[in-house]
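Only one structure is covered here, and it is reproduced in the block below.
These figures come from a predicted structure and were not determined experimentally. Counting begins at 1 with the first residue of the sequence.
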Amino acid sequence: MTKNKSEIDVKKLVGKRIREYRQKHKMSQEALSEIIEIDSKHLSNIELGKNMPNPQLLLKISQAFDIEMKDLFEITHLLPKDKLKSALLEIIEKLNEDQLRYAYKYIKSFVV
């Protein structure tokens, strides 16, 4: 089966999200692997999006970071640029006038 370019690679995005949390907690792959009781090579493959952790492992990972499991699936910010722009436009369309003005000022502050 060939991948459609518009498909989202959930394995890769979840892997990136796990790496993001691991780095935020200043943890090496070896340290996290030990906590969640898997081989560091397996964790590396998860972070690279080659393997998808099973639900039990996702639970162990979320407990290691003291987060809810659902947080590992909050991946929108990791989408490719075109998909991220589309997601932002969908949000913008739902804002009222005051919210839109505030959002504009906030976003504008990032542009030099």
Side-chain angles (χ1 to χ4, degrees):
M1 183 173 159
T2 320
K3 265 196 182 173
N4 180 339
K5 280 196 169 218
S6 67
E7 285 183 24
I8 296 171
D9 192 338
V10 175
K11 283 195 309 187
K12 281 192 178 192
L13 294 176
V14 169
K16 283 183 178 182
R17 187 71 166 142
I18 292 168
R19 178 181 292 133
E20 193 175 62
Y21 272 109
R22 181 179 58 75
Q23 290 173 340
K24 178 182 175 185
H25 286 82
K26 296 179 174 37
M27 204 181 285
S28 68
Q29 283 184 337
E30 291 76 19
L32 179 57
S33 296
E34 192 173 309
I35 292 168
I36 60 175
E37 302 172 321
I38 63 169
D39 184 73
S40 59
K41 181 68 176 163
H42 183 51
L43 178 58
S44 176
N45 285 333
I46 289 170
E47 289 187 358
L48 292 171
K50 294 179 181 177
N51 295 343
M52 182 68 178
N54 65 39
Q56 191 61 41
L57 186 52
L58 286 168
L59 180 61
K60 284 183 176 183
I61 293 168
S62 65
Q63 289 171 338
F65 298 134
D66 194 27
I67 59 172
E68 293 184 39
M69 198 183 317
K70 69 176 180 61
D71 296 333
L72 296 174
F73 293 92
E74 291 179 359
I75 55 178
T76 304
H77 68 287
L78 299 171
L79 290 172
K81 185 178 179 178
D82 61 326
K83 291 190 184 331
L84 189 55
K85 281 183 177 182
S86 294
L88 278 171
L89 289 173
E90 285 179 26
I91 293 170
I92 288 169
E93 288 298 322
K94 296 175 184 174
L95 300 178
N96 66 36
E97 188 174 342
D98 287 340
Q99 292 169 325
L100 187 59
R101 290 180 192 286
Y102 184 76
Y104 173 81
K105 287 195 301 187
Y106 185 74
I107 293 168
K108 181 81 170 156
S109 71
F110 291 106
V111 181
V112 180

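Residues Leu59 and Ser62 are in side-chain contact: their nearest non-hydrogen atoms beyond the backbone lie under 4.5 Å apart. Side-chain contact between Leu32 and His25 is absent, with no heavy-atom pair separated by less than 4.5 Å. Taking the side chain as every heavy atom from C-beta outward, Leu72 and Pro53 never approach each other to under 4.5 Å.
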Taking it one step at a time, do Ile61 and Leu57 satisfy side-chain contact (heavy atoms from CB on, under 4.5 Å)? CA-CA 6 Å; Ile61 293 168; Leu57 186 52; 4.1 Å; yes
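Checked against side chain to side chain donor-acceptor pair (under 3.5 Å), Asn45 has no partners two or more places apart in sequence or in another chain. Under the salt bridge (Lys or Arg N to Asp or Glu O under 4.0 Å) criterion, Glu68 pairs with no residue at all, not counting sequence neighbours. Scored by the salt bridge (Lys or Arg N to Asp or Glu O under 4.0 Å) test, Glu90 finds no partners at all (sequence neighbours excluded). Qualifying salt bridge (Lys or Arg N to Asp or Glu O under 4.0 Å) partners for Lys70, counting only residues two or more places apart in sequence or in other chains: Glu74. Every ring pair (Phe, Tyr, Trp, His ring centres under 6.0 Å) that Tyr21 has, sequence neighbours left out, goes to Phe65. Checked against side-chain contact (heavy atoms from CB on, under 4.5 Å), Leu88 has no partners two or more places apart in sequence or in another chain. Take His77 and apply the ring pair (Phe, Tyr, Trp, His ring centres under 6.0 Å) test, not counting sequence neighbours, and it matches no residue. Among residues two or more places apart in sequence or in another chain, the salt bridge (Lys or Arg N to Asp or Glu O under 4.0 Å) test is passed with Lys60 by Glu37. Residues passing the side-chain contact (heavy atoms from CB on, under 4.5 Å) test with Asn96, sequence neighbours excluded: Asp98, Gln99.
Residues Ile107 and Leu84 do not share a hydrophobic cluster, defined by chaining ILVMFWY side chains whose heavy atoms lie under 4.5 Å apart. Two different hydrophobic clusters hold Met52 and Leu48 under the rule that ILVMFWY side chains link at heavy-atom gaps under 4.5 Å. Linking ILVMFWY residues whenever their side-chain heavy atoms come closer than 4.5 Å, directly or via other members, places Ile36 and Met69 in the same cluster.
Between Arg101 and Glu97, at least one side-chain nitrogen of the basic residue sits less than 4.0 Å from a carboxylate oxygen of the acidic one, meeting the salt-bridge criterion.
Each ring pair (Phe, Tyr, Trp, His ring centres under 6.0 Å) pair with one or both residues in residues 80-100, not counting sequence neighbours, would appear here, but there are none. A salt bridge (charged side-chain N to carboxylate O under 4.0 Å, His left out) check over residues 38-50, counting only residues at least two apart or in different chains, returns the pairs Arg19-Glu47, Arg22-Glu47.
Atom CD of Gln23 is surrounded by more than 12 heavy atoms from other residues, nucleotides or ligands within 6.0 Å.
Residue Phe110 is found in a hydrophobic cluster whose other members, listed by chain and number, are Tyr106; membership requires side-chain heavy atoms under 4.5 Å apart, directly or through intermediates.
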